[in-house]
Structure formats: structure tokens, C-alpha cells
Amino acid sequence: MDAAFVAWPDPSSLPSAVGAPLPKSFFTRDTCQVARDLLGKILLSQAGGVIVGGRIVETEAYLGSDDAGSHAATKSLTKRNLVMFGPPAHAYVYFTYGNHHMLNVVTEADGIAGAVLIRAIEPLVGIDEMRRRRVGRPDQDLTNGPGKLAAALGLNLSDNGDRLGEGNLAVYVAQEVASEEVAVSGRVGLSAGHELPYRYFLEASPYVSKGRTGPPKRRVRRIGSTRGGRK
DNA sequence: ACTACGATCTACT
DNA sequence: GTAGATCGTAGTG
């Protein structure tokens, strides 16, 4: 629909590098295009009552049924991937590996699955608060990975499904990045679909994650595990 | 009800 | 280089 995008937080309280909030139409596009164009934009969180965030330097596109690496690959709606099929400009937050939250932004028109995983940002706003949430880490390690990023922004499952600009999260226009600065590679950590060139990052940024692309190491099976065995 | 395993990260070797 | 953490989800029975 055409309702005006709701700005959050009050732009006058932000650094001058931060422009207007991205309109919903920005996200109602091809997922790879959105992933590319999110580079350089400003992501902010007010989770926990403090505004923190920074400049997006690394993203990954996750598509629908054609993408084996996507939560929406099965095409069936489940409780988890429901948000990916919903309206654009919403946050898709999920939990994995027993430890980490992941932040995605939903793309494509309502009913079409798509999301962009935000993998890394360059810290700009509320750095002290992010240091508090990531005790003992050098600034370079505050947000250079999706799990670290979600921790530094104070995100959890309660942020899942929130419309950008209405919950704890918002994304803002900033200085455009030149195409020469952008590199593309396979996605990180996938057992399927890792060969697709859906990872976008600013090659020169020291805040990009150290994640390797390509197939993950063969995961050792839990043979003979007593997990759930004896009582 | 039960179980395998994951869009990761850290700490050790 | 790799094992372990630790819990939500999905697939199966």
C-alpha cells in the first residue's frame, strides 16, 4: 500500500551522515538488487533504549523457492519463514546454532519470499553501548559477523516481524557507494546454494566479516552420542 | 514425542 | 584447524 513510511527515530537526533529513512519501495524489489543497494546505508537499533548502529558493509541475498540456501526454499509456509513471505521492509530475526540471532530485512512484494541477511556494519552510533554488549572485543570485532551484529544491536526473537521504522530497527539513506567498491562472492556457511554469487560487501572495509565462502567443512556426525539416551 | 542439525562464534590445540 | 556451545525449527513416528 501507499501509506507513508514512518520515520524512526527523530532524524534531528542523528548524526548528519544519516539521511531519510528508506521508503518501503526500496525493499519492494529484486532481492539481489536490494542486497547490493543496502551497502553504505545506515542501520540503527533502539533495542534496550539506546540508539546504536552503523553503516552496512556486508549483506547476503536469500531468495524463494529457487534458492536452496534459503529458509523459504521449501516454498511451504512455516512458523519460522512466514515473515520472509510477508510484506517488505520488515525485520526477519531468527535464532541459530543455539547461540546466535540473525538479522534479515524482508524484500519483494507481499506474498513473494525474499530477504537480505545483514552480515556486518561499520560501527558509527552508540559505540560505547555496543562495547558494553561485546565486552573485551576490539572495535573491529563489534559487528563484523551476523551473530556479533545482532548481539551488538541488542536484538532477539521479539524483534522478528517488526516493520522497519516502527519497532527497534530502522534503515537510513547515506552516501552512495561506488560500484568499484563493491565485491561479490558466494554466501558464507551454507551447505546448499553456497556457489551462488549472492554475497555483497565493501572490499576495502575492515569491518567485513572473516567468514569464508564455499562449502562448509563436513560436519561430524554424532555417532554413538548418548544425547537423549540414558535417563 | 523425539531428534537432527543449523544463514555462527569462540576457545583451544 | 576444529570441537563445543546450546535452542528453536522441522521432519518424522
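Quick note on labels: first sequence line is chain A, next is B, and so on, each numbered from 1.
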In plain terms, say whether [X] and [Y] are close enough for a salt bridge, that is, a side-chain N and a carboxylate O under 4.0 Å apart.
X: Arg36(A); Y: Asp30(A); answer: no
X: Arg131(A); Y: Asp139(A); answer: yes
X: Glu58(A); Y: Arg199(A); answer: yes

[N] OP1/OP2 closer than 4.0 Å to side-chain N/O of [X]:
X: Arg119(A); N: dT8(B); result: yes
X: His71(A); N: dA7(B); result: yes
X: Arg80(A); N: dG11(C); result: no
X: Lys210(A); N: dC9(B); result: no

Aro-ring/base stack Tyr62(A)-dA7(B), d under 5.5 Å, angle under 30°: yes
Ring center gap for His71(A) and Tyr94(A) short of 6.0 angstrom: yes
Secondary structure of DNA chain C in dot-bracket form (Watson-Crick or G-U wobble, distances below 3.5 Å, | marking inter-strand pairs): |||||.||||||.
Other residues, nucleotides, ligands: >12 heavy atoms within 6.0 Å of Glu203(A) CD: no
Earlier contact from the 5' end, DNA chain C, for His100(A) and Leu157(A): His100(A)
For atom CZ of Phe95(A) and atom C1' of dG6(B), their distance in whole Å: 11 Å
Nearest-angstrom distance from the residue atom CZ of Arg137(A) to P of dA11(B): 5 Å
Proximal nucleotide (of dT9(C), dC9(B), dA5(C)) relative to the Pro146(A) side chain: dC9(B)
Nearest to side-chain heavy atoms of Val188(A), which nucleotide of dC9(B), dT8(B), dA7(B): dT8(B)
Donor-acceptor contact below 3.5 Å, side chain Glu60(A) vs main chain Ile118(A): no
